[in-house]
Amino acid sequence: MKDSILVINCGSSSLKFAILANAGQQTLVEGIADRLGSTESSISFKFEGTKTEIALSDGSHKSAVNQIKEWLSTQPQIEASLAGIGHRVVHGGETFSESVLINKAVIDGIKDCARFAPLHNPAHTKGIEVAFELFPGLPQAAVFDTAFHQTLDKEQFLYPIPMSLYREHHFRKYGFHGTSYRYISKHLAEIYKESINEGVLVAHLGNGASVCAINNGKASDTSMGITPLEGLMMGTRSGSLDPSLLSFISEAENISPEEALSILNKKSGLLGVSEISNDCRTLEEAMTSGDSKAKLALDMFASRTAKHLVSAATTLDSIDHLVFTGGIGENSSYIRSTICKYLKAFNIEIDNTLNDTAPRGEVFEISANGHKTKVWIIPTNEELMIALDTINLIQDKP
Ligand code: AMP
């Protein structure tokens, strides 16, 4: 039966992929092509518990997709089961409010949004064009990180700047991690039915981090902006700060505004404050060994996350659920408990024993008894959402 989907997440120097079968329930094979554009690029395949790595002849995105095609020719059953390809696309601007089957107009639309995501969108269109060339018979879908947030009210998505800048250039908050938030909202409704008519706060905390408020199943606010730099402190991103800093930094360091912006994107956040690493696990180890800068970085991360959660909650009718997801949200009991300490005034509390003993990779409730807001850990699954959207779009095809 043709029900497998090849999910592709194409970046400027990497290409992650997975083939999901059985309505997305089973991952048959997954892997990553790394260091694309260099002479040291390779692609790895994880299949039936074994990992194999193959060097890529010319380091191009095309050679990576070609290797996937060649690998498929050695697995005729999987090859025959492929029904379509689903692509993760970072920026869909105001053009795309849901996933779509890809045609020429969609590719042009994604290219048009590239001015807001100059590293990501050109890589996505490259991946899409290569996939069309190498898999000519397969329908392809685009799933946008921004789409879920298109339900935000104007009061939330507009910046208080001259409105001509919005009208003429579409400068506004877009938000990201939308595919993850959609998965969390859907999955929470599967385990707790009433949540679809309630207020849900989600903290997607990974190397990139954001929060989202979901009222009655629809996004009502989110912390990231026109780019992922706004909002929470992240692995290497500063998150929100006084925009005047940009000119202060460039003047003080005698660098261009673009270089100053690069400092805020690539050298700030957990890395900038700790002066050790952008990686939460590494910082927790350093903190345990007594490093005060690592502790400061982690506590700032938690404090800022709590502030943004409270800010997003102003768009909810009530705070019925708080969900932690992403690499940090799912795995760091220290970050979860520190965030919740800052949320006591909002009557949000967790059970410390449940928080400390939460099993890895599973849905788990950690709320303290007697508190209205239910606090959950829910592992996210963006690949599954992409596969399901692709299957649905192919089935709906006239
Ligand atoms: P992501 O971007 O969602 O893959 O998340 C990456 C982040 O999750 C990194 O900062 C990791 O250090 C963090 N992370 C993963 N596992 C753990 C863990 N067991 N404890 C603390 N942080 C973790």
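Read the numbers this way: they start at 1 and go in the same order the structure lists the ligands and their atoms. Not measured: the values here are computed from a predicted model. Quick note: numbers below take in every heavy atom, side chains included, and nothing from hydrogens, waters or symmetry partners.
- The distance between the ring centers of F45 and F17 falls below 6.0 angstrom.
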Ligand 1 polar-atom proximity to protein (N/O, under 3.5 Å):
residue: ligand 1; atom: 2 (O); partner: N207; partner atom: N; Å: 2.9
residue: ligand 1; atom: 3 (O); partner: G327; partner atom: N; Å: 2.9
residue: ligand 1; atom: 8 (O); partner: I328; partner atom: N; Å: 3.3
residue: ligand 1; atom: 10 (O); partner: C280; partner atom: N; Å: 3.0
residue: ligand 1; atom: 12 (O); partner: D279; partner atom: OD1; Å: 2.7
residue: ligand 1; atom: 12 (O); partner: D279; partner atom: OD2; Å: 3.1
residue: ligand 1; atom: 12 (O); partner: C280; partner atom: N; Å: 3.2
residue: ligand 1; atom: 12 (O); partner: R281; partner atom: N; Å: 3.0
residue: ligand 1; atom: 16 (N); partner: N331; partner atom: ND2; Å: 3.4

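- A cation-pi arrangement is absent between K307 and Y342, since the terminal nitrogen or guanidinium carbon is not both under 6.0 Å from the aromatic centre and inside a 45° cone about the axis.
- Geometrically, R182 does not engage F148 in a cation-pi contact defined by less than 6.0 Å to the ring centre and at most 45° from the axis.
- Two residues are said to be in side-chain contact when any heavy atoms from C-beta on lie closer than 4.5 Å; T288 and Y334 fail this criterion.
- The side-chain heavy atoms of D299 and F301, taken from C-beta on, include no pair separated by under 4.5 Å.
- Hydrophobic side-chain contacts under 4.5 Å tie I226 into a cluster, directly or through other members, with F116, Y159, I161, L165, F171, Y174.
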